[in-house]
Amino acid sequence: MDSAPTFRIGHGYDLHRLEPTPPTGPGRPLILGGIRLEHDRGPISHSDGDAALHAITDAILGALGEPDIGELFPDSDPAWKDAASDQFLIEAANRMRSAGYNISNLDVTIILERPKLSPIKAAMRAKIAELLGTDQAAVNIKGKTHEQVDAVGEGRAVEAHAVVLLARV
Ligand code: MG
């Protein structure tokens, strides 16, 4: 008898420090949820530093009880230097399907002082659904500021949380 649970829940979290972008600083272009934002600061990271995709990847891996994103794609491995985070999420989705699960729903919160996320929320939702091979209705994105306090509120970091419910196929 198949004893795999009907549902599995997972949570993911990520933070990247933001620094001025070239020519004045070492920050990368700011990419969140697979979508590029115009901003004068960007993440310090080994890969492209997409905190939203990293949090979603870890939420799915966590739900499956698989190794986390840092174990699967270590920042000491040159293979992942400058890597688009799309491939991390695609790998997590492949593991999910291999284990016999689909996304029931995914809820993501991105915390960033500026720029505003509202203009790209629909594009992020479409991109994430495409990478996961799921319906856009299963993906929700929320944007918040950190009310000008602490590192995130001072524009020196971006944070993302993701909660996912996987359902047995
Ligand atoms: Mg990260």
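Note that the structure is predicted; figures quoted are calculated from it, not measured. Both counts, for ligands and for their atoms, begin at 1 and track the order of listing.
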- Give a yes or no on whether the backbone of Lys81 and the side-chain of His46 come within a donor-acceptor separation of less than 3.5 Å.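 Such a contact is found between His46 side chain and Lys81 backbone.
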- Message: Strictly distance-based, threshold 3.5 Å: is any side-chain N or O of Asp50 a donor or acceptor partner for the main-chain N or O of Leu53?
- Response: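 Such a contact is found between Asp50 side chain and Leu53 backbone.
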- Do any pairs count as a side-chain hydrogen bond (donor to acceptor under 3.5 Å, both in side chains) and have a residue in residues 83-99, sequence neighbours left out, and if so which ones?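 Those involving residues 83-99 are Asp48-Ser85, His54-Ser85, Glu66-Arg95, Asp86-Lys127, Glu91-Arg95.
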- Which pairs pass side-chain hydrogen bond (donor to acceptor under 3.5 Å, both in side chains) with one or both residues in residues 144-155, sequence neighbours excluded?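 Only Glu154-Arg156 qualify under side-chain hydrogen bond (donor to acceptor under 3.5 Å, both in side chains).
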- Task: Could you identify which residues cluster with Val149, counting Ile, Leu, Val, Met, Phe, Trp and Tyr as linked when any side-chain heavy atoms lie under 4.5 Å apart, either directly or through a chain of such contacts?
- Result: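 Besides Val149, the cluster holds no residue at all.
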- Parallel, tilted or perpendicular: rings of Trp80 and Phe73 (30°, 60°):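 Rings of Phe73 and Trp80: perpendicular, over 60°.
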- Around the Mg ion (ligand 1), how many protein N, O or S atoms are closer than 2.8 Å?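 Number of qualifying protein atoms: 3.
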